[in-house]
Structure formats: C-alpha cells, structure tokens
A.B. asks: 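Quick one: this structure, given as structure tokens, is what I'll be asking you about.
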Protein chains: 4
Amino acid sequence: MRIRGWLADPRTRRGGAPAAYFRPRPLRPRLPVTATAPSAATSIDSSLVTQYRAVRSRTEVLCAPLALEDYVVQSMPDVSPTKWHLAHTTWFFETFVLVPHAAGYRVANPDYAFLFNSYYVQAGARHARASRGYISRPTVDNVFGYREYVDSAMAELLTQAGDADLAALQPLVEIGLNHEQQHQELMLTDIKHVLSVNPLRPAYRAATHDAPERVATPARWVAHDGGLQWIGHAGPGFAYDNESPRHRVWLEPFALASRAVTNAEYQEFIADGGYDRAELWLSLGWAEVEAQRWRAPFYWEQRGGEWWMFTLAGLRRVAPDEPVCHVSYFEADAYARWAGCRLPTEAEWEHAAVSQAIAGNFVESERYHPVAAGDAGEGPQQIYGDVWEWTQSSYAPYPGFRTAAGALGEYNGKFMCNQYVLRGGSCATPVSHIRPTYRNFFPPGATWQFSGIRLARDT
Amino acid sequence: MRIRGWLADPRTRRGGAPAAYFRPRPLRPRLPVTATAPSAATSIDSSLVTQYRAVRSRTEVLCAPLALEDYVVQSMPDVSPTKWHLAHTTWFFETFVLVPHAAGYRVANPDYAFLFNSYYVQAGARHARASRGYISRPTVDNVFGYREYVDSAMAELLTQAGDADLAALQPLVEIGLNHEQQHQELMLTDIKHVLSVNPLRPAYRAATHDAPERVATPARWVAHDGGLQWIGHAGPGFAYDNESPRHRVWLEPFALASRAVTNAEYQEFIADGGYDRAELWLSLGWAEVEAQRWRAPFYWEQRGGEWWMFTLAGLRRVAPDEPVCHVSYFEADAYARWAGCRLPTEAEWEHAAVSQAIAGNFVESERYHPVAAGDAGEGPQQIYGDVWEWTQSSYAPYPGFRTAAGALGEYNGKFMCNQYVLRGGSCATPVSHIRPTYRNFFPPGATWQFSGIRLARDT
Amino acid sequence: MRIRGWLADPRTRRGGAPAAYFRPRPLRPRLPVTATAPSAATSIDSSLVTQYRAVRSRTEVLCAPLALEDYVVQSMPDVSPTKWHLAHTTWFFETFVLVPHAAGYRVANPDYAFLFNSYYVQAGARHARASRGYISRPTVDNVFGYREYVDSAMAELLTQAGDADLAALQPLVEIGLNHEQQHQELMLTDIKHVLSVNPLRPAYRAATHDAPERVATPARWVAHDGGLQWIGHAGPGFAYDNESPRHRVWLEPFALASRAVTNAEYQEFIADGGYDRAELWLSLGWAEVEAQRWRAPFYWEQRGGEWWMFTLAGLRRVAPDEPVCHVSYFEADAYARWAGCRLPTEAEWEHAAVSQAIAGNFVESERYHPVAAGDAGEGPQQIYGDVWEWTQSSYAPYPGFRTAAGALGEYNGKFMCNQYVLRGGSCATPVSHIRPTYRNFFPPGATWQFSGIRLARDT
Amino acid sequence: MRIRGWLADPRTRRGGAPAAYFRPRPLRPRLPVTATAPSAATSIDSSLVTQYRAVRSRTEVLCAPLALEDYVVQSMPDVSPTKWHLAHTTWFFETFVLVPHAAGYRVANPDYAFLFNSYYVQAGARHARASRGYISRPTVDNVFGYREYVDSAMAELLTQAGDADLAALQPLVEIGLNHEQQHQELMLTDIKHVLSVNPLRPAYRAATHDAPERVATPARWVAHDGGLQWIGHAGPGFAYDNESPRHRVWLEPFALASRAVTNAEYQEFIADGGYDRAELWLSLGWAEVEAQRWRAPFYWEQRGGEWWMFTLAGLRRVAPDEPVCHVSYFEADAYARWAGCRLPTEAEWEHAAVSQAIAGNFVESERYHPVAAGDAGEGPQQIYGDVWEWTQSSYAPYPGFRTAAGALGEYNGKFMCNQYVLRGGSCATPVSHIRPTYRNFFPPGATWQFSGIRLARDT
C-alpha cells in the first residue's frame, strides 16, 4: 500500500540536505503535565490520529523535568539515553509505517536508520547498543525536530487515508504506539538509573509525599481450583504476538497472595541472613550475590544504619509498607523459598488476573513509585500497576506460536531464551498498555525495572 | 544410622597420617574392557555391593586408554580433569554414605573435601571450579589409592550391614551410583575436549570403523494425539528428584520426526547460509554465532575444502548419515526454524518415548560416537542413545517439586534457571542410567556434550 | 598564608545552599575567537591576574563550537567530557589556591571535590575516571557558573593581595595556569575522539583549507657531536618538577631528521607491509597490532580505496605532505626500524632543540591540525608545534629528582612508569606552554594525541 | 654451513614416522644431584660437547623431585609447564643448530615446532602461550625421548665437526646453553608457582634448614664517586646482545646499600601502612595494590596472626633476616620511597658490581631460597645470587644497539618496552650464567621471580 498525495503538502516538501528541514524551533518541551493527555490515550473510540498524538505527546511530557544533559547519558549497557528513546520510537514509525506506506515520503536523515535501529537485523546494520552514550549528535533539538518531522508526516498520512487504507495502517500504528508506550516506561527506568549513579543523587522531580505513610493491608491467600484452563489473548483488542495462540493449560490447585511482598517483609528476609544463605538461592543467583555483593534490593543504600532508597524523587527512607521493588528474579525466587512458598507460574497468574478490573497505580498517577496496598475487600490487590510481578515461567513460545515474516517478526520471538516472564504492569506503565495476557520479560538478574514479588503456593 | 564393626577389619584400621595408607600399588588400570562388567551393572537383581563394584570398576575401565598426563588437564572451565572425576565420585560416597553411616570411618585425607566437593555449598568450602587443572597433587596414583580406600570401606559397609541398614543405605548408594554414571559420561565428553584442543589431535582409542558407511533411513513424521497426559516418574525404580512429582500436562496434537537430524541434513542448513542469517536465530544464539564465529557444529573443521570432525577415535571425515552431534540449543533451534519445524517440548518427547524399549547405541557399544539410524519399522528410532535430544523446554521444577533438605537437595533443583532439557541419553550414556522420564540439562550454548536434534511440528 | 578581605565583596558572600549562588546567566559562550586573547596569554610581563583571565577565557573560547551535548560524552576511559575539563581545572584553583589561601572562601559546592578531583589521592576520595560520562549533573550551565564563581574569587584574591602574598601565590597560580593549558590541549584531543566515534562524523568547526596543498621540504640529517651535555630546566621561568634537576648526560654523536615524517613517507611503510611484519615491531606493539587490528594511523579510514582521516574539521583525504599524526610509540618505533633509523632519546632531542626559536603551528593558528613543513634554511623544522615527537626514552626521574610534599607532588612523579616521553608540543598546544625542556608523556599505545615521528640515527 | 656425515651413523638414521624413534626407555630421571655436573658446566676450558652435556643434564636433574603430574600444569599465563620447558629448550637446539647445520638431520616430530616455539615469529606459527597447560601429549616420556634424540644428534654434530665448523657452531651452542640455563631458573620459579596454588601446598623437596637462623649483618652505605663510566659487555666471554655496545654514561655520586633489604625491614614498611598509603606508590603500582589486594610480598600468607611464606621446601615462617623476595618493581620502588631512598639505576649497579667476585647463593647450593647476608668485610654483599635486584631503569637498548637478523634477533630486543632491569642473579640462577653486565628484565608487576631490593641514594 502506497498512500498518494504525500508530496501535495508544500510544508513537507524537502529540497536539499536533510538538515535544512530543521528550522529554528522552540527548545524541548517544558510543559506541565496535562490531565487530559493520558486519558485521551486510553480512549478506545478515539480516532487513530488522536491516539497517535496522545501517545506521542505523552512521551515528550515525560521529558519535561530533564536537563538537556540528562538526555545524553547511558549509565550501563542496558540503559539507553533518553535522546535515543525519543529518536528510536520515531524511527519505528518512519521505518515500518511511513517508508513502506506513505507515497513520496523521504526519510528525515538517511544516517538515522543506523543510529536508531535497536535490534531489527532485517532492518539493516545498526549502531552498537553499548555505545549509545557516545553519540552527542544529533542533538536533543535535532531529535525533537525529527519527531516533529515524522509526526507531521504521520498526521498527514492518517488524516488523508481512506477507510481501506486506514484499516491496513491500523495494526502497524497500533504496534508503534504500544512500542512507544513500552519506551515510555523504559525512559523512566533508564533515567532513574542515570540519575542514581550520580554521586549527587539528583531527583527527576520533587517528591509528592502522598504515599509513604500508608499502611499495607495484611496479606491473605486467594485460592484457585486449577483444572484445564485457557490462557492467551482472545481478542478483539490489540495484543502482541507473544500472547497468542490462546491455548489450554492444566493447572493444579494453587493460591496467590492477595498483595505484593512489602519492604518490611523483605527486610525480615535480609535480617534472617537471606543474602548469606546459599541454600535459598538458585545457583546462578548465588553467583550474582557473590559477584555483585548484593545485600539488599537495587537502589537501596545504608546511611547511618538505616536503609534508604533512590527514587525518581531522590533518596528516601525505605517505607515499610510499600511493595519491595527493583528485585531480580533471583531475589524473588530466594525470598519465596525462604518464605516456604514459590513464585506463580504465568498461567496461574493470568488465570487469577483475568477476572480483575484493570486499575491501580500506573504512570498516570505521576508517583513513579509503588504504593502500599489499600483495602480491596475479598479479592487480590495490586494485580495491576505498582510493580511487575516475577513469575517462575521462562519466557517461551505458546504452543503454535509463529513469528511474523520480516523485521517486525523480530519484535518478541527471538528473545524467548534465558528470560523470565513478569506480569501486571508497574507504576511506570501506561494504564492503556496493560492487559491480563500481557507478557513482559527480562533476564533473571535484571533489577532496574520496577519489579516485585507476589507469592504463590500449592493447595 | 551408624553401622558398627567398621574398625573390626584390621586392613582398614589406620594409625598415623592419612598418607601412610597409600601403600605401593600397581599403576592405574590398563585392563581391556570386559564384556561382563557393563551387563553386571544393568542387572536389576544383583546385590547392592555387586552393583557398586560393577559401576565403580566401569569408571576405571574408561580410563584405560589414557596417558597419565591426560588425567590432569582442564581445557576449559566446563571441563574437569579425569583425575578430578575419579576423586569427586569417591568423595561423594565418602561424604554422603561413609561419614554419616560407617561407624568409626576415618576420611582418607581431610583436605580432599575441599578439593573434590563440586558444588555442594552445604557440604563446606570448595576449590574454584575453573582452577581444577592447576592441581597436580594428589597424583593420579594417590587418587586411585583414594578410590581403593573408599571402595574397601564401602564393600565392608554393604556386606556387613543387616537388612534394615541395607534398606536405609540403598537410596544413598543408588544416587551415588547414578552420580558416578553421570560422571562416566562427563569423563568421556571432557577427555574428548581435552584431546581436541591439542594441535596433535590425539585419539582416545583407535577407530572401530564399523559405523560410518551405514545409510540412515528416511525420516518420517510419527503423529501423536496429545490431550491431557501424565508425565514424570511413576516408580518403582530409581529416579532423580527432578523427575517428580508425576503430573498432568495438556498437549496439543503433534508429530515427532522418526529419527535424529543427520549430518547431511545439517549441511544443507549450512549450505543455505544457516550461520549467516540472523532471522533464523534466537537473539542470544546469534550473539554467540558472531562472538564465537560459529560456522558448523563444534568439533567440525575444514581441511582441504572438506568437513572433518574430531571424534574419540581422532579426526574423521564427517559421515553424512550419522546424527549431527555437538550442536548447541541455539543451533538446534535455528535448524528447526530453518526446516519449518520446531523442537519438541519435553512433555511431548516423554509422551512419545514412554512406550519405546530402552535400546540403542550406548556407552556399552564402545563406539563413543553416534551411528546412522537403522531400520526400525513403524516406530521412532534413536529415541534412546546416540545423541541427547534438545527440547525447547526450559529446565524448571515440576508442579509440586520440593528439594530435599541438606546438601543432596542441591543435586538438581538449584540449577533450574537458564538451562534447557535434553532427553534420551547418548552414545556415552550407560544404558542402565537412562529412562523415559530422565531430564538432562545444559545451558543453551553448550556444545561439548553428545547433543543432537529431533524435529517436531504441530499437526 | 590566608589572605584577608575575601568576604568584603558582597557579590561573593554566600548565605544558604551552594546552588543558590548560580543565578540566571547567559548560556555557554558562543563568542568568536579574538585575535588578542592568545597573545595576551603569552605576554611575559602581564600581571598575574591578566594572565589568569587570558588563560581561563581561552579555555572557554575553545568551547564555542560545541553543542551542549558534546560537553557530556566520554567516548573511552582516556577521554574526559569537556564539562569535566572545565570543572576540574576550576577545582584545581579552588583546592590549591583559594581554599588554603583565600581567607573566608567557601567552596562553591562541597560535592564537587569528589566529582572533579582527577587523581590526587592526597586531596581526598574521587569519582571513578571511567565513569565521568555517566554524570549529567551538574549541568554545563552549572559548570560555567562554577567557573565564574571561582574566577571572581581568584580575581579578588589576586587584585587585593600585597606584593609578599603575590610572590607566594605566583608559583601556585602559575602551575594552575599551566595545568589549564594542558587541559586546553586535552579538550581538543578528547572532543576529537568524541566526534570521531559518531557515525555521523561531525566536525568541530569548518575546515580552513589553507594547508593541505603545501609541499613538504625534503628531509635532511642534522648532525650533532654529542659529548657531555647538560639537560633539564635552567630557570628562571616556569617549569614542571619533572624537568629538574638540570644534569649532565653523555651523548654519542647523532643526527636528527630536519623535519617530521610525512603521511606519504608513512604510507610507504604501510605499502611495504609494515603492519604485517612482526619483525619490525616491539613485542607489545605487535600484540596491539593483532588485538586492535591496526592497519594505519588512528583516525585513518579507507573510503573507496583511498585513505581518509578524521580531523577537527571533519573527514578529509590524507594529505601526503603533512606530518603523520596520531601514531603510537609502537608505530613510531616500527616505522623507524623499517627506515633503518631509530627514535631520538629525549636528551638528544633537547640538546638539538635548545638552540631553536619557539615558533611553529600551535593552537593559536586555529588550524588544530599539523601542516607540511615549510622551508627553514639549514636548521631543523617543526621542532616546536605540529606534532608531539615520540622519543625512545622511558619517562623516568632525572638524577636527584624528588617529588614535592602534598597532593601537588602527585602531579608528575607518580606516573614515571611504563610511559614514554614526547617533546616539542603540537598544533593543539598553546605556544606559551612549551619550552625545550618540556616533557610530555603517554603510554606507548596511546594514539589520540597529536603525536608524530622525528627520525634519528647514530653517526 | 652444512656439516656432512650426519647420516653416516646408523643409530640416527630414521626411516618411517617420527614416532618410531621413541623406543622403550626408562622413565624420567630420578638421579641424585651429582656434585660434579654443575662444576663441569662452569669450566671454561671444557669442550663444547662436555659443556653441552653438563648443562642439559643439569636441567633434567632439576626435574628429579617432580611427580609426573607436576610437569603438565600451567598455573597462570606467565608460567609454563615443566614439560614445555624441557621441550622448548630442545626445540631451540633443533631449530637453530641442527636443522640449519647438521646435514641430513630430520626433525623428531614436525608438529613440535608449532608446540614448542615460544615467541620467535620468524621461526613460524606457534601455540598460544596461555594454553600450554591444555596439552597432555606429547607425554613427559615423549619429551624426554625428544631430548635424547636431539642430544644424540647434537653430540654427533659436535664430536664430528672439524675446527672450522666448531668455531662457527660455538656461538649458536653457547646461546643455546645460556638459553637453557635461563629456563632452568624459570623451571624453578614456575614449579614454585604451580605448587603454591595447590591448597595442599606441596613441597618441591624437603627443607634443608641450614639458613633461617642466620642473622643478617647491618646494612651500610657503600659510596661511589660517579663520573663518566663505561658500562656494557667488554668481552671476551659470552654475553647477550642486550649487554652491548659498551658505552659511556655519566653518573652523579651515589651510594648503594651493602646488602639486600631483609624481611624484617620490609615488615616495618608493612607495619607503617605501606600498603595503605597511596603517596608511596607509583600510580600504576597503587592500581595493582587495589586491584590485587596486595598486603605483603607474593607467597606470604597469614596463619594464626603470623606471616608464613611458601618456599620450594613448603610453607615456612618468614625468617626476619633473609632478603625479602618475590616483590614487584612497584613494591621495591614504594619501599625505597618509604625509606627515603631510591632504587639504583642499572648503570650505578653495574659500576658498583664490576669489581666484585662472582660468588654467592646460586642454584648450585640447592637451597632454592635466599639466605641472610653473612659478614663480608668492607665491600657489598649479595651483589650476586640470593635475589635479583630491581633497578629503576627501564629496559632499553644501549646506544648503538642493533638486533641481529633472523629469528634469533628476537631473543632480547623486541622486549625493550614497559619492563624494568634486574641485576645480579638469584638463588635459582646457575653461577656460570651471571656476570656484572647481565641484564634481566620483567614487567613492573611481576612477582613470581626471586626478586628483591637493594637501596641506593644520592650522596
């Protein structure tokens, strides 16, 4: 499909070198967060272009608290500079929507594909991931210009397309927007890391102070009968390919804890020698404990005999009733073993979650930090939001899974090895991005995501 | 349980320093392989002491072709010196049978626990795995003396124990003998690696030349209906804890290839650019291809435009009809994707294998190399023996799995992370060691085991 | 010595938190290079405060072409971000002049000592060198504010000090200004590296195009008789401690080439298999050639069968008559061996240079690139400026050398191991910074400095 | 020069495969050390063949205490297996004497050149140094057979050569014998390391107990006037190329300590925080202290609050009056700085040593350990033997130095970078191997040699 008329609008016609396009423009946004932008993003009946604008602007809103220097830094290979996230998500639309489908579209800069392709081997050669922090140019202003250039083209494409074209474009735009939302979360977890390694421990924004005092409700066991159950995406909304095909699994009876493990509970594990007792750990996990000298969750540090933790609002005392966060799979597994329990499988988790309303502490709360579980009656709490919950399930293809042809087929499938599934979203996830069948995945040693623990046991 | 009378036999009474025990003795065995030893080991009704002697002597028989220098070398961290295998398996009986259960038993040398404990954290401090090749003492003769010392004590313990004691000892001795059999296979795969890195490419023993000419039968699909099936160990014989609990899994209909993938078939994959096409590989696998410059299975090398491979009988031309061997999980997975198929899950494999007779090309054939599949009528071939078959299943606990208390609980459970399950045994496995529920496991990049490929597909 | 009156100026009185000081200020300088600034810096009779202002402003002038993002990046551990250079040189004056000598002075920010101490162990704990690129805050504006704060204090100190105090301050300020000049050169070599690793190959500034066409004069040998000669600093001007004591050395008769080796000459070495012939190389050098796959000087790359090189004016064809630049000691040594010559010792070099006028292609030319040697009659050319010249001399203490007590004693002495001496300054060196006795030093594998080759031979 | 008649002796005529040569032979030597062998090696008027036999047999005598397993291990990349030393020194004679000069000579095994060439790039491809411990074959017996084969050929060559041929062979044989003596010392330092990393701490041989009680004489300063002095080899005996050309150096007046620094003196440095005070160290040295957590000389370990050290006679309490040994250049330099002194330059050392008799504690004493300095009247003690003495001089070519053409030119010259000169020989050096002009060299972090400290100062 090539959509005609792209060249019809003289504003977008480009003559000479790509750089010429980037006319003087206001510096990167310093807008306050608007209340309506996120809700627009969640509106199911909004038009595609409205959704596009909402999600794209939400990305830029997240940048508002940053100094320009913050956009540039890559503090470890897993982290990408904010500047890179802004450009990569833009390249995604350019490469997978505009280039194949917008007739006459010319790429903003032919060098950007090399710089901003993340891992799509079939989309061409790309810059080394660990070297993203060495790239001072294009500047942040250039990158915002790149976004503007692509956004204009996307808006034109989406507003001028007929119904048939729109139907064809919708799956691509949807994956692009979901991709952008994933990077919104990564921008927050990455900038948290960047700021945390700075001896000055600068904050992303001031603390809201509304949460630390809250007292978590006591944990209960919520039992499930198991049996032959369906899991996986059933439609009709958007889902990633890794959530399909829907299929049956046999579950033995089990129970899940009613809420996430708290900092106070995790501190009991520490106090009981959790980080000194090899028998509680997977062998690879114990190797990490020894090699990295782990003594507490990531971002915790001791000051004057007390545990503090780095948050996006700066250093704060560890609040006992908040969910423990930034733990690895290894720590989650060791904690569960210490507690005489285990982690849920992803099928158990999904079976328990599918009946719950999608509500909780998401990025829209602008807390950027998990909060203590409130009272929620009989049912489970914190299933969605707050912290991603490690499952014991290795990230693997569902029965019958096939990757799509072409570069977009690399989105999920090729990572199905040596990673573990997390479920439920976090305080950095857009609420419109999550669903019961959603499978997030990270290597078992990863700690810089908002990852926590929900216990399970056999019944 | 402490068995009395250990000190009654003056031969085993030890006065002064442990070293005094090691009287002059004939050097390490150079016996020919006897036909009866292996069959004795498989006899189900033989007494425990007879089984003990058979398995232990089989270990030593495998050493017969070695030069003394061969026992010392550790050619990579995954490999252990033969000398270490001989001592570690002995330490296992000393630590888990003799010390707790033989009244008055004195350890052969108190320093050996540090040197020969592999990974049992609860059994005390231990030498660094990657440094096993730096240890010239105890000498090989010392280690054979250590075996003799422990074997005498074991024989006395087992022959003098009453029925009740024997019943109590049996599970420990059984795990010790199965452990020893695992190390018999590792001794072969490790010495193969040691000899292979030597530019002289020395052979472990002369070639038998009985197999390479054989023509493999064409592969067929063997279909299975799936449904709700039981897998896992059902008793009454020995099984490792990781094969339990027996439990139900839901299987969609599937088919398995009737035999393992051959070298000729794998060469088509190579010829079709298999090692150049990133889209065929898992992301971690492709990283290995690039970092290690993989171009063919491990042990293959090109000489004069032809593929040769290193075997325990030295360098040999790649025989087209033999099963491809020494491939990683990554290669098995990429090959399957290239072929439009997939790897079986371990549940599918077990369901298909449970009805098959345990027969095939095992270590007792003394080929130490897989052979082309013969004609076997309707059913599948090579299910047992020849090559371990990679499954797509991450090595994980079965529902309800609990590790035993104490150091022996570390045997399997703590390795359930970032490893993949292989099934069916190989040409280096003792036939009495394998069963349909047996779960072997290695990291996805491992290639120095006799590991091959059986294709699967949805039906 | 504590100089009173620091608090007298209300502009510099600081009440609350350090951050409060940094009032809104114009962004980093974008001034054109002024013709007078550098000449002021070289004026010998200017007052100390005038010298101070000239050198300090020259540092900021060098930043004018940079984008703000360029200040942040550390492209390899040897490179420091421009931002860090700006702050570190400021910390140097604060720590070694203001804190001990300006009564009532309060440090701009107590955290800066940790961030901006380079390697002075006796000046306290410091940030890891290789992590300087992870630090987004303080921002570039903060750092310029830090400079302004310290410059104001320095100006007040120097203008209000009496003659006796000034005499005492002069050595400290002089070392601080020479230190700043060293960092001016490092800023250029570091930003060259930062821009070079960017696939976009951005330029620091536009090319001047005045040099590449020039034809180098043929090289001649300039002979020296040798004998017992004095080398080392003889006063009265400033020199580093490593240039003393002045002492005698015995020199055999020798000759030096009249100019530096050119790119064309070096290309003959390449064409003759220079990078393939181990016998031309020091053993450690050959290991580098193999490990790093060196095939040409650093910053050279082949495009369309031709050699191009990255310069501060962007990619340019290698100009045959320019001095070869960015070669390691290993390459200089191998080239000399290939040419049947050797490198000079530093004593030979100094003996030959001491009679030459200090003139040449320095940073004040604003070429930031070496140029072909012009005609200079009988004498040697390019002794000063263009490229630092590797000598064969290991960097070692002169007989009788003693380091000063305290942190400033760490300036030079502790680096006298595994480094080699370079002489004469480069196109990035301020002319007022160089002298015949000046000893620069780098490890033998270093290539990111403007380092070249002058041949020597026995006569 | 091709010496005829090699094929005349039927014993050395070889028909088929090289391996056929190695007839059954008695295992590696277990002879007692003979009193006459070493003295024969030092006799200046003995015939070349007698010298050859004496040096070669001395190498084998050093092996007598070893278990066969000890020959195989490489405990770090700097260490070579004893087996490798035995073969490499043999390959040296085969390659540089027999192949070019013995008409009709056939190499023992064409594969050995690859395995046993150390670093002679011009002598062909070679095995990776760090992988020497992976090579179990050829066996130790094979290697002794290789020695016997080459020794027979060498004996025949040397006994049948006419005077003219002998004169031509002599320089090659001499360098081969000196090379062998260097490897005798390395065999001892390497096997010491191999045994030391074994948790059993096995001894090379029983302690002699004749030395530890001796009390060192107090250290005095021995003054020298300096001035213009000649250093370097003056003939007529053997010397390495790096000892030439003889040349003049200017020396300022200086003094050397009359003996080496003792363990007791070094312990004062430790007690005074020597390993905690960065200001005492070269920057690279301090980095090693921190990275390797150095707290004492290599081979020292604390047991029950006391310092013990590993020796070739096993673990022993540190004897206070023995010379401190196994210190790096960094430690020697830091100790000297702490003591308010410095290390000597190699020219100072040589000037002071040239008048001293070559006598002391060498390998012939069979102590393999330094002993406390006895009383020696006015002059210096321990100039020769006991411990190699670090000088402050970087290993560099003497003025006018040229390497020889061909592979033997790689013997010394290519290592003249980032190494420091040691002088005087050690308790592991053959007495006939040392001379005042002898230059040993190691990187500044090396500790596994018998290296110690002699202080110097300006006067």
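Atoms considered below: every heavy atom in the structure, side chains included; atoms not considered: hydrogens, waters and symmetry mates. Each chain gets a letter, A, B and so on, in the order its sequence line appears, and its residues count up from 1. Just so it is clear, the model here is predicted, and its values are computed rather than measured.
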A.B. asks: Given a strict heavy-atom distance threshold of 4.5 Å, which part of Y119(B) is in contact with chain A: side chain, backbone, both, or neither?
C.D. replies: neither

A.B. asks: Just wondering, more than 12 heavy atoms not from D272(A) lying within 6.0 Å of its CG?
C.D. replies: yes

A.B. asks: I need the minimum non-hydrogen distance between G340(A) and R402(B), along with the two atoms involved.
C.D. replies: O-NH2, 3.3 Å

A.B. asks: Do P399(A) and W250(B) make a side-chain contact, defined as non-hydrogen atoms from C-beta onward lying under 4.5 Å apart?
C.D. replies: no

A.B. asks: Quick one: which of Q392(A), Q122(A), R337(A), Q419(A) has the most heavy-atom pairs under 4.5 Å with chain B, could you say?
C.D. replies: Q122(A)

A.B. asks: Would E279(B) and K414(A) count as a side chain to side chain contact (heavy atoms under 4.5 Å, CB included) if you check the C-alpha gap in whole Å, the side-chain angles of each, and the deciding distance to 0.1 Å?
C.D. replies: CA-CA 8 Å; E279(B) 74 272 18; K414(A) 73 180 182 182; over 6 Å; no

A.B. asks: Identify which of E410(B), M416(B), R342(B) forms the greatest number of heavy-atom pairs closer than 4.5 Å to chain A.
C.D. replies: M416(B)

A.B. asks: Taking all heavy atoms of C417(B) and all of L282(A), pick out the closest pair and write down the distance.
C.D. replies: CB-CD1, 3.9 Å

A.B. asks: Would the distance check show the side chain of Y420(A) and the main-chain N or O of N418(B) forming a donor-acceptor pair, the cut-off being under 3.5 Å?
C.D. replies: yes

A.B. asks: Taking the side chain as every heavy atom from C-beta outward, state whether S394(B) and Y395(A) have any pair of such atoms under 4.5 Å apart.
C.D. replies: no

